[in-house]
Amino acid sequence: MSSSFQAPKGTYDILPATAPTVLAVREAIAAPLRRAGYGYIETPVFEDVKLFSRGVGESTDIVSKEMFTLTKRSDEDLALRPEGTASVLRATLEANLHRIGNLPVKLWYSGSQYRYERPQKGRYRQFWQVGAEAIGAEDPALDAELIILANDAYRSLGLREFRILLNSLGDKQCRPVYRAALQEFLAGLDLDADTVRRAELNPLRVLDDKRPEVQKQLVGAPMLVDYLCEDCKAYHEQVRSILTDAGVAFEDDPKLVRGLDYYTRTTFEFVHDGLGAQSAVGGGGRYDGLSEMIGGPALPSVGWALGVDRTVLALEAEGIELPGPAASDVFAVPLGEQARGVLFRTVTELRRAGVSADIAYGGKGLKAAMKAADRSGARYALVAGERDLAENLVQLKDLTTGDQTPVALDALVTTLKEKLS
RNA sequence: GUGGUCGUAGCUCAAUGGUAGAGCACCGCGCUGUGGUCGCGGUUGCACGGGUUCGAUUCCCGUCGAUCACCCCA
């Protein structure tokens with residue numbers, strides 16, 4: 001270990017070698033959103049705990065087990081955000097965005113989220129999501145739009161091996177009826193204590209338990225599809241047909257539930273099979289009741305969040321290489337103190353003219369400085385010593401061909417801008 | 001939170017109850033005004049803490065971290 005400190009458990013540093021990929025992923029997800037009229041929003045990384053317990057749901061694992069709560073000097077209870085939707089909706093209500101413009105209010109965000117979980121590949125305590133929310137409109141085209149935008153974002157990155165799972169969770173009319181029926185069915189099964197508890201709090205969650213001994217018993221369980229009311233059924237059919245019309249392939253997954261309480265009707269998940277157990281790269285759905293749950297007016301809404309970390313893993317799994325870190329165009333190699341001063345001024349001038357330039361620091365010898373120039377990946381080396389400076393020249397060496405030509409110092413910026421264009 | 005596997009150099013990996021080596025990388029020299037190739041030389045490490053032992057990198061325990069699965073989800 002080269003340092004006595006290390007990144008906290010479940011966190012990692014995004015280093016220059018991989019940073020371009022991370023930035024490219026964020027940008028690839030953001031671009032389709034901007035083109036679709038979504039405005040950027042940033043909210044605090046911490047909020048009142050109650051926003052999450054009421055919004056995300058007291059019975060969810062996210063709130064009951066995975067919340068990063070903060071200790072402070074006052075008596076307010078704060079927690080690091082475990083997801084973005086509740087905060088974005090809170091900000092919307094606080095700023096009355098739903099009153100000053102046309103509905104829906106379309107917003108997107110990009111930022112870190114925090115969950116106190118046992119880390120494993122693709123699951124971290126601090127992770128990044130880019131999310132989108134369309135607040136205040138009930139329209140199947142809006143649900144479909146978001147799924148299409150996420151699909152297009154992934155495709156623009158070159159990803160092909162992901163699947164879209166789609167389901168409807170019903171609304172406040174039909175879901176309670178189903179919930180009761182399911183609970184009755186689950187009560188007759190042989191389940192462990194944790195699962196029995198879950199069956200009481202959030203019975204739908206039991207459906208996507210991966211354990212074979214649980215799945216075996218679920219054969220013949222009442223399915224939500226059979227309980228959907230006419231409105232929900234019609235709504236879901238429209239979402240499906242708009243997606244099909246847009247050429248977006250999806251799979252109906254009647255067991256797709258998701259872990260947040262606020263979802264109603266449309267839910268969906270983007271899964272990638274190359275990631276191991278943590279296969280969801282993104283997910284979302286409609287949350288028609290959330291606004292009221294946190295004290296706002298009725299604002300039917302829909303949104304998603306895509307995991308930046310997992311998308312990077314998906315790219316790796318598919319062997320997709322995004323452009324690496326950009327190298328400087330020019331690397332200056334000074335010979336002696338006088339040249340060091342002149343070349344430093346030249347490098348500054350080049351940078352101001354829009355040419356990316358670096359210089360050998362630390363009084364390296366010529367050989368070492370040339371080596372540094374080579375390793376920097378720069379296209380050109382700029383070599384100068386007293387001999388050249390006496391004639392107001394610098395040596396411009398093309399590092400790919402090895403050709404070297406003298407260039408007048410005051411013509412350098414123009415010459416380089418020409419060569420690099 | 002539960003269970004399994006793992007932790008030796010910057011990286012990939014060896015060996016060993018008597019305090020460690022290779023390849024690549026890095027630095028220097030050959031070439032004192034020129035990188036990439038080549039030759040020669042050199043630098044860097046037993047995750048942390050405790051126990052057993054004459055002696056522990058090796059055996060045992062704990063901690064930390066990684067990893068896989070469960071759980072959960074992005």
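Heavy atoms only: backbone and side chains are in, while hydrogens, waters and symmetry mates are out. These numbers were taken from a predicted model, which means no experiment stands behind them. Each chain gets a letter, A, B and so on, in the order the sequences are listed, and its residues count up from 1.
Among the heavy atoms of the strands, none lies under 4.0 Å from A:Glu83. Among the atoms of the strands shown, none is found under 4.0 Å from any heavy atom of A:Gly365. Across all strands shown, A:Arg205 has heavy atoms under 4.0 Å from sugar-phosphate atoms exclusively, and none from any base. Counting any heavy atom pair closer than 4.0 Å across all strands shown, A:Phe270 reaches no nucleic acid atom. Counting non-hydrogen atoms under 4.0 angstrom, A:Ala372 reaches nothing in the nucleic acid.
Partner of A:Val333 under the side chain to side chain contact (heavy atoms under 4.5 Å, CB included) criterion, chosen from A:Val394, A:Ile359, A:Val383: A:Val383. A side chain to side chain contact (heavy atoms under 4.5 Å, CB included) with A:Arg81 is found for exactly one of A:Phe46, A:Phe68, A:Phe52, namely A:Phe52. The only member of A:Leu224, A:Leu228, A:Thr264 that meets side chain to side chain contact (heavy atoms under 4.5 Å, CB included) when paired with A:Leu169 is A:Leu224.
Atom NZ of A:Lys255 has more than 12 heavy atoms from other residues, nucleotides or ligands within 6.0 Å. More than 12 heavy atoms of other residues, nucleotides or ligands shown are found within 6.0 angstrom of CD on A:Glu292. No more than 12 heavy-atom neighbours from other residues, nucleotides or ligands sit within 6.0 angstrom of CD on A:Glu386. Few gaps surround OH on A:Tyr40; more than 12 heavy atoms of other groups in view lie less than 6.0 Å from it. Applying the 6.0 Å contact sphere to CZ of A:Phe250 captures more than 12 heavy atoms from other residues, nucleotides or ligands.
Between atom CZ of residue A:Phe127 and atom CD of residue A:Glu83 there is a gap of 9.0 Å, rounded to the nearest 0.5 Å. The distance from the CD1 atom of A:Ile147 to the CG atom of A:Leu166 is 5.5 Å, given to the nearest 0.5 Å.
In a base pair of the Watson-Crick type (N1 to N3 plus N6-O4 or O6-N4) or a G-U wobble (N1-O2 and O6-N3), with each distance short of 3.5 Å, B:C24 is matched with B:G10. Of the nucleotides present, B:A47 is the one that pairs with B:U63 by Watson-Crick or G-U wobble criteria, both distances under 3.5 Å. Both distances falling under 3.5 Å, in either a Watson-Crick or a G-U wobble arrangement, occur for no nucleotide opposite B:U37.
Contact check, A:Lys121 against B:A66: no side-chain N or O comes under 4.0 Å of OP1 or OP2.
Counting only N and O atoms by type, the side chains of A:Gln395 and A:Asp388 include a donor and acceptor under 3.5 Å apart. A donor-acceptor pair shorter than 3.5 Å can be found between the side chains of A:Glu133 and A:Thr85. A donor-acceptor pair shorter than 3.5 Å can be found between the side chains of A:Thr266 and A:Asp143.
One atom, CG of A:Leu382, and another, P of B:U34, lie 17 Å apart when rounded to the nearest Å. Note: CG (A:Asp374) to C1' (B:G35) measures 4 Å, nearest angstrom. Note: CG (A:Leu256) to P (B:A74) measures 10 Å, nearest angstrom. Remark: P of B:U34 and CZ of A:Arg387 are 9 Å apart, rounded to the nearest angstrom. Rounded to an integer number of Å, the gap from CZ of A:Arg115 to C1' of B:C71 is 14 Å. Rounded to an integer number of Å, the gap from CG of A:Asn202 to C1' of B:C72 is 12 Å. Rounded to whole Å, the distance from NZ on A:Lys367 to P on B:C38 is 13 Å. A straight line from CZ of A:Arg123 to P of B:A74 spans 12 Å, rounded to a whole angstrom.
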Look for any protein N or O under 3.5 Å of an N or O in nucleotides 3-9 of chain B and output each such pair with its distance, or none.
from	atom 1	to	atom 2	distance (Å)
B:G3	O6	A:Arg118	NH2	3.1

Provide a list of protein-nucleic acid N or O atom pairs under 3.5 angstrom, restricted to nucleotides 61-64 of chain B.
none

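Every residue two or more places apart in sequence or in another chain that forms a side-chain contact (heavy atoms from CB on, under 4.5 Å) with A:Arg352 is listed here: A:Thr348. Take A:Ala357 and apply the side-chain contact (heavy atoms from CB on, under 4.5 Å) test, not counting sequence neighbours, and it matches A:Val330, A:Val347, A:Leu350, A:Arg351. Taking A:Asp61 as the reference, A:Lys65 meet the side chain to side chain donor-acceptor pair (under 3.5 Å) condition, with sequence neighbours excluded. Residues passing the ring pair (Phe, Tyr, Trp, His ring centres under 6.0 Å) test with A:Tyr12, sequence neighbours excluded: A:Tyr124.
Of the candidate nucleotides B:G33, B:C27, B:C72, B:C27 has the atom nearest to the side chain of A:Arg375. Nearest nucleotide to the A:Tyr124 side chain, out of B:A74, B:U34, B:C72: B:A74. For A:Asp61, whose side chain is taken as the heavy atoms from C-beta onward, the closest listed nucleotide among B:G33, B:G1, B:C71 is B:C71. Distances from the side chain of A:Ala280 to the nucleotides B:U34, B:A74, B:G1 place B:A74 closest.
Across the C1' atoms, B:C40 and B:G51 are found 47 Å apart, a figure rounded to whole Å. Nucleotides B:G33 and B:U37 have their P atoms positioned 22 Å apart, rounded to a whole Å. B:G50 and B:G41 have their P atoms separated by 40 Å, with the value rounded to a whole Å.
For the pair A:Trp128 and B:A74, the ring geometry does not qualify as stacking, because the centroid separation below 5.5 Å and plane angle under 30° are not jointly satisfied.
Both A:Gly10 and A:Gln120 lie close to RNA chain B; mapped to their nearest nucleotides by heavy-atom distance, the more 5′-ward contact belongs to A:Gly10.
The backbone N or O of A:Pro334 lies less than 3.5 Å from no partner atom in the side chain of A:Arg340, so there is not a single donor-acceptor pair.
Each ring-ring contact (aromatic ring centres under 6.0 Å, His included) pair with one or both residues in residues 272-294 of chain A, not counting sequence neighbours, appears once here: A:Tyr262-A:Tyr287. Among pairs with a residue in residues 136-169 of chain A, those fulfilling ring-ring contact (aromatic ring centres under 6.0 Å, His included) read A:Tyr154-A:Phe162, A:Tyr154-A:Phe270, at least two apart in sequence or across chains.
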With the sugar-phosphate defined as primed atoms, P, OP1 and OP2, and the base as all remaining atoms, what B/S/- string results for nucleotides 39-44 of chain B, 5' to 3', for protein heavy atoms under 4.0 Å? ------
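Within residues 394-402 of chain A, the residues that place at least one heavy atom under 4.0 Å from RNA chain B are, in residue-number order, A:Gln395, A:Lys397, A:Leu399, A:Thr400, A:Gly402. For RNA chain B, the residues of residues 300-316 of chain A within the heavy-atom distance limit of 4.0 Å (strictly under) are A:Ala305, A:Gly307, A:Arg310, sorted by number. In the region residues 145-157 of chain A, proximity to RNA chain B at under 4.0 angstrom, judged on heavy atoms, holds for none of the residues.
Geometric assessment of A:Arg125 against the ring of A:Tyr116 yields a positive cation-pi assignment under the 6.0 Å and 45° thresholds.
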